[in-house]
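Have a look at the structure below, then the notes.
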Amino acid sequence: MKTLQAVRGMHDILPSDAARWQWLEQRLAERLTAYGFGEIRIPVVEKTELFTRAIGQGTDVVEKEMYAFPDRNGESLCLRPEGTAGVVRAVLQHGLLNPPGLKVWYQGPMFRHERPQKGRQRQFHQTGVEIFGMETPETDAELIAMAGRLWRELGVDHLLRLEINSLGDREDRERYRTALVDYLRPRVDRLDADSQRRLETNPLRILDSKNPETRSLLVDAPRLDEHLGDEARRHFERVTALLDALGIAWTHNPGLVRGLDYYCRTVFEWTTDALGAQGTVCAGGRYDDLVEIQGGRATPGIGFALGMERLLALVESTGQQFEHRPHAYLVSSEAGAARLGLAERLRDHWPALRLITDLQGGSFKAQFKRADRSGAAVALVLGEAELAAGEVTIKDLRGDSPQSSVPADRLGAELRRRFATDGPDVAASGEPA
RNA sequence: GUGGGCGUAGCUCAGGGGUAGAGCACUGGAUUGUGGCUCCAGCGGUCGUGGGUUCAAAUCCCAUCGUCCACCCCA
């Protein structure tokens with residue numbers, strides 16, 4: 001029988017990697033909770049219509065990247081390509097916007113049918129946050145400040161920079177869209193093929209084209225920031241003033257448009273050049289019209305999503321240690337029940353003890369080899385001699401202090417004494433190899 | 001969706017028409033109760049898959065799948 005492979009662009013997270021995922025997930029969850037966000041868990045599959053409505057027909061995500069398939073009853077379903085649309089759906093379905101203020105976060109896999117490359121997979125993971133019912137500039141600023149705090153806590157703030165822009169309100173964008181199309185239409189033959197197509201479907205996206213010829217055309221094009229209405233302009237000025245007051249560095253990128261149609265007003269992106277071509281680690285913005293588009297009462301919203309694989313790659317590049325190395329590894333001769341009994345008594349005595357019992361057996365040599373490989377700090381030896389004497393031998397696997405024996409009933413206390421300098425966080429902070 | 005690189009042992013890779021290799025890892029021994037260092041021995045592969053050319057294919061050709069990188073786009 002031939003063995004099968006995972007689907008292209010969808011990767012296993014093996015036990016050797018899972019420790020770092022847990023490390024990161026735990027830190028994010030703690031921080032988001034501390035800012036008053038509650039977790040929401042929603043399905044991975046939604047009706048396709050949810051995304052076409054929310055993200056927009058003219059976007060790449062909807063046009064060519066969705067994993068859509070017919071359900072048995074013929075209805076089109078879809079592996080979610082992003083989280084916000086589903087959160088809005090759930091929030092409306094369960095009436096969570098009564099009263100209107102709500103802060104939620106989510107974490108999980110997303111799916112986009114793209115060609116895989118560095119920092120881009122077909123199944124990838126995002127952690128995202130959404131705030132509903134709050135339209136003040138302080139909301140935008142606190143959200144961005146929280147992201148900045150995350151980067152500091154994870155030790156990657158020096159690798160990221162913040163770009164920010166305002167897309168204005170819907171009417172502003174419509175006026176600007178007309179002006180932009182009026183400018184580009186007579187010059188259409190100088191646009192690259194993608195931009196020509198977007199002139200009809202989604203003209204604003206032409207703004208972040210990287211094609212040099214197209215870029216040179218855009219130099220004299222009408223500017224989005226000159227078409228902002230008074231309210232949107234004041235909002236943006238207030239947000240950036242707050243960022244300045246909080247000491248958060250930002251740069252204004254007038255070409256920052258984002259690929260999803262639902263954004264308005266403030267949009268932002270944290271990018272890095274440490275990750276190859278996929279520089280965006282976290283991105284988001286305001287979506288004040290989305291709840292209404294999805295059939296709810298008009299409610300402002302804002303949020304961001306961060307790419308877990310990308311963020312993890314950044315954290316790893318700093319040399320962060322994630323391993324939970326065992327405290328002890330129990331080696332024994334033939335003492336079956338005695339061995340398991342000893343291990344269980346130790347776990348009763350000290351529930352957080354990271355203890356591995358050798359279940360494969362074999363020679364002491366083989367058992368000690370596995371003890372060493374496990375990374376454990378000490379080996380506990382329960383052999384015939386120890387059994388007869390009611391003792392257990394402790395052997396230091398990482399230093400050269402001589403091994404010693406203690407009465408079995410004092411072993412737990414002795415281990416706690418030895419690892420007393422280990423705070424509960426010792427595993428997370430790592431130990432020298 | 002487009003372009004290019006790469007698929008040989010668990011891992012990293014060499015070999016480019018004529019008997020399938022190395023290092024690391026793994027197992028055992030030197031060391032019958034002690035890991036790491038050293039030495040010795042051993043296990044391990046339908047050379048990604050399918051087809052073609054040839055007396056002969058890991059090697060050349062075609063297709064396909066996967067992977068990596070870039071374009072595009074995005075987290």
Side-chain angles (χ1 to χ4, degrees), chain A residues 2-11 14 16 55 59-65 80-84 107-128 147 160 192-195 197-198 202 205 208-211 256-260 268-272 275-284 303-314 329 331-335 358 360 362-388 393-400 402-403 405 433:
Chain A
K2 212 179 291 182
T3 59
L4 296 175
Q5 289 181 300
V7 173
R8 170 174 223 188
M10 305 203 179
H11 296 305
L14 303 178
S16 54
I55 300 173
T59 61
D60 280 23
V61 168
V62 164
E63 264 180 4
K64 50 190 197 195
E65 295 174 2
R80 62 183 184 191
E82 60 104 48
T84 302
Q107 195 282 126
M110 306 294 166
F111 304 84
R112 293 183 196 171
H113 194 106
E114 301 180 274
R115 191 82 166 247
Q117 69 179 83
K118 188 180 182 68
R120 196 172 75 185
Q121 300 169 205
R122 289 186 171 180
Q123 176 176 337
F124 61 102
H125 298 77
Q126 290 187 335
T127 295
L160 289 163
D192 58 275
D194 279 334
S195 294
R197 189 171 49 79
R198 290 199 185 111
N202 203 342
R205 296 289 311 292
D208 57 12
S209 168
K210 285 167 198 147
N211 181 284
L256 181 59
V257 174
R258 316 259 57 252
L260 280 41
F268 55 90
E269 230 177 66
W270 297 86
T271 61
T272 181
L275 247 42
Q278 311 305 320
T280 305
V281 172
C282 173
F304 68 68
L306 60 86
M308 293 291 277
E309 283 85 358
R310 293 181 186 178
L311 181 55
L312 206 47
L314 278 192
Y329 189 103
V331 163
S332 65
S333 49
E334 85 286 29
D358 189 291
Q360 285 168 268
S363 66
F364 265 54
K365 181 187 175 68
Q367 294 193 45
F368 270 99
K369 200 163 187 169
R370 288 192 285 269
D372 181 48
R373 227 169 32 211
S374 77
V378 301
L380 306 179
V381 187
L382 182 63
E384 287 173 49
E386 285 84 357
L387 213 49
T393 298
I394 303 175
K395 178 185 168 97
D396 182 4
L397 293 173
R398 306 297 150 202
D400 26 301
Q403 65 185 45
S405 296

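All values below come from the heavy atoms of this structure, side chains included, with hydrogens, waters and symmetry mates left out. Chain naming here is simple, since letters A, B, ... match the order of the sequence lines and numbering starts at 1 in each.
Atom OH of A:Tyr329 is separated from atom C1' of B:G33 by 16 Å (rounded to the nearest Å). In this structure, A:Glu65 places its CD atom 15 Å from P of B:C71, rounding to the nearest Å. Nucleotide B:C73 holds its P atom 6 Å from the CZ atom of A:Arg205, rounded to whole Å. The distance between atom CD of A:Gln5 and atom C1' of B:U64, rounded to the nearest whole Å, is 12 Å. For A:Glu114 and B:C74, the CD to C1' distance is 6 Å, given to the nearest whole Å.
Glycosidic conformation, B:G66: anti, with the torsion outside 90° of 0.
For B:C74, its base never sits under 3.5 Å from the side chain of A:Gln117 at any donor and acceptor pair. A donor-acceptor contact under 3.5 Å links the side chain of A:Glu386 to the base of B:G33. Between the side chain of A:Gln403 and the base of B:U34, at least one donor-acceptor pair of N or O atoms lies under 3.5 Å. Within 3.5 Å, a donor on the side chain of A:Arg310 pairs with an acceptor on the base of B:C74, or the reverse. For A:Arg115 against B:C69, no side-chain N or O and base N or O form a donor-acceptor pair under 3.5 Å. Residue A:Lys365 places no side-chain atom within donor-acceptor reach of the base of B:U34, judged by atom type and a 3.5 Å distance cut-off alone.
For the residue pair A:Thr393 / A:Glu386, a side-chain donor-acceptor distance below 3.5 Å is found, with atom types taken as modelled.
Residue A:Arg197 is classed as having no contact, given no heavy-atom separation below 4.0 Å to the nucleic acid. When heavy atoms are screened at a 4.0 angstrom cut-off, A:Gly9 is found touching the sugar-phosphate backbone but no base atom. As judged by a 4.0 angstrom heavy-atom cut-off over every strand, A:Gly128 is placed among residues making no nucleic acid contact.
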Between A:His125 and A:Glu309, is the side-chain hydrogen bond (donor to acceptor under 3.5 Å, both in side chains) condition met? List the steps.
CA-CA 7 Å; A:His125 298 77; A:Glu309 283 85 358; 2.8 Å; yes
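For A:Asp60, the side-chain atoms get nearest to B:C73 when compared with the rest of B:G36, B:C73, B:A70.
In this structure, B:A63 and B:U49 make a Watson-Crick or G-U wobble pair, each of the two defining distances being under 3.5 angstrom. Summarising the base pairing, B:C72 is matched to no nucleotide, lacking a Watson-Crick or G-U wobble pair whose two defining distances lie under 3.5 Å.
Residue order along RNA chain B, read from the 5' end via each residue's closest nucleotide, puts A:Arg370 first among A:Gln126 and A:Arg370.
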